[in-house]
Amino acid sequence: MNEVPEDQDIFPYEYTGDQKKITDLIRETAEGGVSAVIESGTGTGKTVVSMAGALQAVLGTDKKIIYLTRTKAQQKQIIQEAKAISKKRPVVCIGVQGRSVSTCPMMSKDPENATGTSEELSRLCSEYKKDDGTGKPCRYYENIGKTDIQNILGFVRDAHPEPEEFFEYCLRKEICPYETVKHLIQYADIVAAPYSFIFMPHIRDRFLEWAGIPLSKMVMIVDEAHNLPDYLREVMTLEYSMKAMALAEKEALEWNDPEIHAGLSVTDIISVLRECLGEALSQYLTGDDGMMPSTFLQDELMDRLGMSSHSLSIMYKGLMDQGEMIANIKKAKKKLPRSYILSMGRFLSAWNMTDEETNIFLIAGGDNPKFQAYCLDPRAAAEPLRSCWASVHMSGTLAPLSDYTEEIGLQETTECIFQSPFPPENLMISYVNDVSTKYDEFNNIPEVYDRMKDHIVSLVRTVDRNTAVFFPSYALMERFLRDDIRREMGKDLFIERREMTQPELMEEVSQFKLSEGSVLFAITGGRISEGLDFPDKDMEMAILVGIPYPKPTAKQEALRRYYDMRFGNGWEHSSKIPAMRKMRQAIGRLIRSGTDRGAAIILDRRTFNLEGIKAEPSDDPCRDVAAFFKNEQR
C-alpha cells in the first residue's frame with residue numbers, strides 16, 4: 001500500500017491495532033474506484049477509519065462520500081467523528097433523515113400527519129409552499145431565500161451539529177430544517193443518510209438532484225453491511241393485506257363508492273379481492289404462509305369479474321386515478337394526501353408486473369392475511385453500489401465475505417477480515433448441553449423448558465451484574481413472562497416489547513443502564529442486539545436463549561432453495577449463517593472498550609456445531625460465570 005505522508009494524515013487519534021491498515025485499505029479503495037468488503041471486530045473504530053480513509057481519497061476532488069446507516073444513533077457517531085477529523089482538516093458533514101413531521105414546523109401542528117409516509121408528506125409540503133391567494137405561503141420555506149446559505153454552512157462546518165441540534169438552530173432562524181439540509185448537501189464532503197436515500201428509486205432520484213453529482217461521483221460506505229441483503233429484499237417486496245382492503249372500503253364509502261370500470265364500483269372490486277384472498281388462504285396456506293402460483297390473483301380476478309387482462313389493467317388505472325383525485329383534494333385542504341384506493345390500485349398494477357424469476361408469490365395468514373410477492377434476489381436493488389465510484393462495506397459480523405460479495409453482485413472487490421484488538425480473555429463465551437430450543441425438544445419435553453427457565457433465573461441471581469437475556473422471538477419471551485419469571489428472578493426487569501417506538505425503547509434502555517444489577521429482556525437480531533452500545537458496567541452478562549434459527553415457513557423454504565442454486569448449501573446460508581451473525585451481534589454488546597469484561601452464556605447444546613461462535617461447554621454455568629467475575633481486576 002502507498003503510505004500517506006504524516007502531515008497529510010487526517011486520522012484524528014493515535015492509531016491502535018489494525019486501524020492504519022484499514023484506513024489505508026479504504027483510501028486505496030476510494031482512490032481506485034473499486035469495492036472493499038471488510039469484517040472488522042469491535043474496537044477497530046469502523047466509523048472513523050472508514051471516514052478518514054475515504055476522505056483522504058476524495059478531499060480536493062469532485063467526489064462525495066455517502067455514509068449509509070440504519071439508525072439515527074449511527075448518524076450521530078458519524079458527525080462526532082467528522083468533528084474530530086476537522087481538527088486536522090476542516091470537513092463538512094451533513095446528516096439527512098427521511099421527511100417526517102418532526103422536520104416540519106408546519107406539519108407538526110396536525111397529529112394526523114404523524115402517520116404520513118415520506119411521499120405523502122412531500123406532497124403536503126408542496127402545498128404549504130404555495131401562495132394560496134392569502135399571501136401567506138410557508139414562512140419557514142420562504143425565509144430560506146432570505147438567508148445567506150454560506151452563514152448556515154459556516155455554522156455546520158464549525159459546530160458539527162447533530163440532526164436534532166440543526167433542527168433547533170433552524171427553528172431559531174425560522175427556516176425549514178428539511179429544505180435547508182437539501183441546500184447544504186451539495187457543499188458537504190460527507191453525507192450521512194439512511195439506506196432508503198440510495199436504495200429506494202424515487203427517493204434516490206431526488207437525493208442525486210440535491211447532491212448535484214451523479215452516482216458515479218459518489219463513494220458509498222455501507223454501515224452494518226450484514227443487514228443489507230435482507231433490507232434490499234424488503235425494499236423490493238410487494239404486499240397487500242385484509243386491513244388495507246378495509247381501509248380502502250371505508251374510504252370508498254366516504255366518497256360515495258365511485259364507479260371505476262364497466263359498472264364496477266370500488267367496493268365491488270374490494271369484495272372480489274377479498275374472495276380471492278379467502279380462496280388463496282383455503283388452497284395454499286400451510287402454517288404461517290404458503291406459496292401460490294404467480295398467476296393466481298390475476299386469473300382469479302379475470303374469472304370472477306369476467307374480464308380480460310387488458311380490461312384489468314384499465315381497472316387498475318381507474319383505481320389509481322380515483323385515488324389520485326382524492327389525495328389531491330386532501331392536499332388542497334392541507335390535509336395528509338393519503339388515499340387507500342390509490343394504494344390498492346398501485347399494488348394490483350405492480351403485482352401484475354412482478355418478475356417471476358426473482359420473486360415468490362405467497363399468501364400469509366395470521367390476524368391480518370395478505371398477498372405477498374417476496375423478492376429472493378437482492379442484486380437488482382443493489383445496482384447503485386455497482387454504479388457508484390467506489391463502495392466500502394463494513395460490519396463486525398460479515399463473514400463469509402465472498403458470499404456477501406456475490407449475493408449483492410459486487411465486482412472488483414477486495415475482501416479482508418480484521419480482528420478486535422481487545423484482550424480475548426476479557427470475554428467468556430460458554431454453552432450448556434442440557435437444553436435446546438429445537439422445536440421437537442423444547443415444545444414436546446416439559447423438562448427442557450423448565451431447565452431453560454432454571455438456567456436463566458440461577459444465572460441472574462448468581463451474578464449481580466447488569467444482564468441482558470436475548471430471546472430468539474417475542475413469542476418465546478412472552479411465554480417466560482407469562483410464567484412469572486420476573487418474580488423468580490427478583491430483579492428490576494426492563495423489556496424490549498413489540499411495536500415500541502424508538503423513544504420508548506431508548507427510555508427503557510436508559511433505565512436499565514441506571515439500575516444496578518438489573519435485567520433486560522431483548523430479542524436476538526432486534527434493535528438492542530444490533531445497534532446499541534453498553535460500555536463498562538452497563539451490561540456485563542448476556543444470556544442467549546437458544547439459537548435464533550428462522551421459523552420454518554414457505555418463504556424460508558423458498559429462500560433455502562434460492563441459496564441452494566446460488567451457493568450450493570441453502571440451509572447454511574439461509575439459516576445457520578444469519579443465526580450466527582445475530583448471536584455474534586448480541587454477544588458484541590458486552591465488549592465495547594479494551595477494559596470491558598463480559599460473560600455470554602448460550603442456552604443451547606447445538607452451539608457446538610457453530611464454528612463461528614467460539615464457545616466452550618459448561619456443565620455448571622453459574623460456577624463458571626462467578627469464577628470469571630471473581631478473577632477480574634477492579
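The structure presented is a predicted model; accordingly, all values stated were derived computationally and were not measured. The analysis underlying the following values was restricted to heavy atoms, covering all of them including side chains, and did not include hydrogens, waters or symmetry mates.
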Check your understanding: So Ser308 and Ser311, side chain to side chain donor-acceptor pair (under 3.5 Å) or not? Walk me through it.
Key -> CA-CA 5 Å; Ser308 66; Ser311 295; 3.2 Å; yes
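- For the pair Arg479 and Tyr449, the distance from NZ or CZ to the six-membered ring centre is under 6.0 Å and the angle to the ring normal is within 45 degrees.
- Closest non-hydrogen pair, Leu336 versus Lys330, comes out as O-CD, 3.5 Å.
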Exercise for review: Could you give me the CA-CA distance, side-chain angles and deciding distance for Ser309 and Gln298, then say whether side chain to side chain donor-acceptor pair (under 3.5 Å) is met?
Suggested key: CA-CA 8 Å; Ser309 60; Gln298 187 84 342; 5.2 Å; no
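- Between Tyr316 and Trp351, the ring centre distance reaches or exceeds 6.0 Å.
- Closest approach of Asp268 to Gly263, counting heavy atoms only: OD2-O, 3.9 Å.
- Contact record, Ser574 with Tyr563: CB-CD1, 3.6 Å, taken as the closest heavy-atom pair.
- Formation of a donor-acceptor pair under 3.5 Å by the Lys576 side chain with backbone atoms of Asn609 is found in this model.
- Separating the CG atom in Leu277 from the CG atom in Leu273 is a distance of 7.0 Å, to the nearest 0.5 Å.
- Shortest non-hydrogen contact noted between Arg497 and Tyr474 is C-CE2, 3.6 Å.
- Remark: the backbone N or O of Gly525 is paired with a side-chain donor or acceptor of Ser529 at under 3.5 angstrom.
- Residue-environment remark: CD (Glu357) stays at or below the threshold of 12 foreign heavy atoms within 6.0 Å.
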Review point. Going through the checks in order, is the side-chain contact (heavy atoms from CB on, under 4.5 Å) test met by Arg274 and Glu249?
Key: CA-CA 11 Å; Arg274 279 201 185 102; Glu249 183 176 56; 3.0 Å; yes
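- Between Glu508 and Arg527 no salt bridge is recorded (no basic side-chain N to carboxylate O distance below 4.0 Å).
- For the side-chain contact (heavy atoms from CB on, under 4.5 Å) test with Asp377, the passing option among Asn359, Ile408, Thr358 is Thr358; the others fail.
- With Arg584 contributing its side chain and Gly396 its backbone, the two residues share a donor-acceptor pair below 3.5 Å.
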Point to revise | Residues Arg233, Asp230; criterion salt bridge (Lys or Arg N to Asp or Glu O under 4.0 Å); working and verdict | key: CA-CA 5 Å; Arg233 288 189 179 94; Asp230 281 342; 3.0 Å; yes
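- Within the 3.5 Å criterion, the main-chain N or O of Leu398 finds a donor-acceptor partner in the side chain of Arg581.
- In this structure, the ring of Phe480 has its center no less than 6.0 angstrom from the ring center of Phe521.
- Arg206 and Glu209 are not joined by a salt bridge, as no carboxylate oxygen comes within less than 4.0 angstrom of a charged side-chain nitrogen.
- Applying side-chain contact (heavy atoms from CB on, under 4.5 Å) to Phe442 and the options Asp604, Val545, Leu476 leaves one that passes, Leu476.
- Here Arg123 does not pair with Glu120 in a salt bridge; the nearest charged N to carboxylate O distance is not below 4.0 Å.
- Between Val181 and Val96, the shortest heavy-atom contact is CG1-CG1, 3.1 Å.
- Annotation for Gly345 and Leu319: closest pair CA-CB, 3.9 Å, computed over non-hydrogen atoms.
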Practice item. Begin with the C-alpha distance, continue with both residues' side-chain angles, and end with the deciding distance and a verdict on side chain to side chain donor-acceptor pair (under 3.5 Å) for Ser265 and Asp257. Key: CA-CA 6 Å; Ser265 69; Asp257 197 13; 3.0 Å; yes
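- A salt bridge does not link Glu224 to Lys46: none of the charged side-chain nitrogens sits closer than 4.0 Å to a carboxylate oxygen.
- A distance-only check finds a donor-acceptor pair linking the side chain of Glu504 to the backbone of Thr501 [under 3.5 Å].
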Point to revise | Steps toward side-chain contact (heavy atoms from CB on, under 4.5 Å) verdict (Gln322, Ser339) | key: CA-CA 9 Å; Gln322 180 66 39; Ser339 169; over 6 Å; no
